[in-house]
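First up is the structure itself, then whatever we jot down about it.
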Amino acid sequence: MIYLDNAATTAVSKEILASYFALLNDQFANPSSIHKAGQDTFLLLSKAREQVLKLFRLKEHDVIFTSGATEAINLAIKGYALANSNRGKHLITSSVEHPAVLNAMVQLRDLFGFDLTIVPVDANGVIHSELVEKAMRDDTIMVAIMHVNNETGAIMPIEEVAKIVRKHPKAVFFSDTTQSIGKIETKFEDIDMFVVSAHKINGLKGSGALLMRKGIRIIPLASGGGQENNLRSGTSDFPVHVMLAKTIRMALEKNSEHNAHARMLTDYLRDELLQNGEVEINSPLNGSPFILNFSLKTKKASVVIEALSLNQAMVSSISACSSNKFIGSSVLSAMGKNKTICNNSIRVSVCSENTLDEMKTFLTILEQTIESIR
Ligand code: PLP
């Protein structure tokens, strides 16, 4: 199998699996229990928390372990907006956010009376920070702009946005960094709240975290025993959280090496695909090298993806979460692409394990597939 759907999820690293099983075998007590076994697991959990902060070089943030990015995003956005609505009810986001962000924002607008500004993107799928600046108001309390777009790999100017938001003391800056951690170098201390998802970086599924600057007030979305600083109740899955720290360490250590490898792979793929008149590339040249999105001008992407899959090449159409109900890409539509291009996009997403030979084989299979579909 040639697996080129790493933005949807990655294979778990053997090292993580081995450490996870060893830990599961060894320790099982509830970290909230006051006996010695509970204190031991509490210590492990505290160490994992400290390690995560150290890895991101953060001194002013806290870690809230969650089940993944979706939960962390909802906790950050709804938890913050609902806790701070007395200070203002205006929220800003972009038109190409992942549904976890966009739907949370829309829910706040439609059910809780918040005012929402959705900033558009340019033809490359990138937001312009001046538009965020223009949208800022006295009652703006949150700006949520993703770092790397999950469909196109477009990189947003989050450092500039962070600077703009910092000038407005009432507002915080949230960034969905799910597709950038371990892939694109980032100054994490600039971001008030951001998220990590382990399964995007060879970690365990059901594992993630919200990183938030100390002093920011949010409310929990689920009531319970008050674990995770009173923000995320439920008995701690501490072995999973401990593994998250290791997963982040492994990803950050190899960030630049993996980035260069991905660049080599997707640059090759881009150059070769450009020779094919059937193909239109949707990913910007200066985007994340881990994602290459293209559309077929006359062939149905759903048919091509199925045929590729029968030939052992796994790629995605639009974001995996909604690919089973096939609808055109709202991200490409926000970039001003026509309906055919929006309906027929294919996302190739690579990881450090992929090879140039796999790219070559994929291109051969793709060409044969396109030829065979009349
Ligand atoms: N945000 C982005 C940009 C993503 O790509 C994804 C996953 O597809 C998510 C959020 C949701 O992540 P998780 O699967 O950890 O909930």
Side-chain angles (χ1 to χ4, degrees), residues 3-12 16 52 63-79 93-107 121 125-127 144-156 158 161 174-184 186 191 193-211 221-222 232 237 240-241 243-244 247-248 251 262 282-283 287-293 314-325 327 329-332 334 345 347-351:
Y3 185 78
L4 298 174
D5 196 17
N6 292 280
T9 198
T10 55
V12 184
I16 294 290
V52 170
V63 183
I64 297 143
F65 288 115
T66 65
S67 62
T70 299
E71 186 194 346
I73 289 166
N74 275 272
L75 180 59
I77 294 179
K78 291 183 213 165
T93 193
S94 84
S95 56
V96 294
E97 298 293 316
H98 187 274
V101 171
L102 214 47
N103 293 346
M105 287 285 185
V106 165
Q107 200 181 28
V121 291
V126 177
I127 65 127
I145 303 290
M146 72 196 324
H147 191 192
V148 169
N149 183 268
N150 47 298
E151 283 189 43
T152 63
I155 301 177
M156 309 297 165
I158 58 166
V161 176
F174 169 85
S175 186
D176 176 359
T177 45
T178 308
Q179 294 289 353
S180 66
I181 285 176
K183 296 171 181 173
I184 309 292
T186 314
I191 317 173
M193 296 200 256
F194 65 96
V195 297
V196 55
S197 172
H199 75 97
K200 307 286 189 192
I201 45 173
N202 304 102
L204 301 169
K205 301 199 191 334
S207 170
L210 166 63
L211 285 291
L221 301 184
R232 202 259 181 172
D237 194 349
V240 165
H241 303 332
M243 282 310 113
L244 178 64
T247 304
I248 294 171
N282 299 315
S283 291
S288 164
F290 292 85
I291 295 177
L292 187 70
N293 186 311
M314 311 298 155
V315 295
S316 262
S317 51
I318 52 171
S319 85
C321 320
S322 43
S323 61
N324 51 356
K325 42 178 169 97
I327 42 164
S329 162
S330 60
V331 171
L332 297 186
S345 76
R347 179 185 69 183
V348 170
S349 49
V350 299
C351 73

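Counting starts at 1 for both ligands and their atoms, in listed order. Keep in mind that this is a model prediction, so the values were computed, not measured.
Heavy atoms of Ile73 found under 4.0 angstrom from ligand 1 belong exclusively to the side chain. Counting heavy atoms closer than 4.0 Å to ligand 1, residue Thr178 contributes side-chain atoms (C-beta onward) but none from N, CA, C or O. Contacts of Glu71 with ligand 1, taken as heavy-atom pairs under 4.0 Å, are absent altogether. Within the 4.0 Å heavy-atom criterion, both parts of Ala69, backbone and side chain, lie near ligand 1.
Considering Asp176, Val196, Asn149, Val148 only, the shortest heavy-atom separation from atom 2 (C) of ligand 1 involves Asp176. Of the listed residues (Glu151, Glu97, His98, Lys205), the one carrying the non-hydrogen atom nearest atom 6 (C) of ligand 1 is His98.
Heavy-atom proximity to Gly68, at under 4.0 Å, picks out these atoms of ligand 1: 15 (O). Taking a cut-off of under 4.0 Å to the non-hydrogen atoms of Ser197, the atoms of ligand 1 that pass are 13 (P), 15 (O). Atoms of ligand 1 lying under 4.0 Å from at least one heavy atom of Lys200, given by number and element, are 6 (C), 7 (C), 8 (O). Within ligand 1, the atoms closer than 4.0 Å to a non-hydrogen atom of Gln179 are 3 (C), 4 (C), 5 (O), numbered from 1 in the order shown. Heavy-atom contacts of Asn150 reach the following atoms of ligand 1: 3 (C), 5 (O) (cutoff under 4.0 Å). Residue His199 approaches ligand 1 through these ligand atoms, each under 4.0 Å from one of its heavy atoms: 13 (P), 14 (O), 15 (O).
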Inset, instruction - Take Val96 and Val126 through the test side chain to side chain contact (heavy atoms under 4.5 Å, CB included) and record every step on the way to the result. - result: CA-CA 9 Å; Val96 294; Val126 177; over 6 Å; no
Legend entry - Worked verdict on Glu151 versus Ser329 for side chain to side chain donor-acceptor pair (under 3.5 Å): CA-CA 9 Å; Glu151 283 189 43; Ser329 162; 2.7 Å; yes
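Defined by atom type and a distance below 3.5 Å, a donor-acceptor pair is present between the side-chain atoms of Ser316 and Asp5. Of the N and O atoms on the side chains of Thr9 and Lys200, not one donor lies less than 3.5 Å from an acceptor on the other residue.
Looking only at distances, a side-chain donor or acceptor of Ser283 sits under 3.5 Å from a matching main-chain atom of Thr152.
Side chains of Thr10 and Ile201 form no contact here, defined as non-hydrogen atoms less than 4.5 Å apart.
Listed here is the closest heavy atom pair of Val121 and Ala334: CG2-O, 3.6 Å. When all heavy atoms are compared, the tightest approach of Ile291 to Ser349 is CG1-CB, 4.2 Å.
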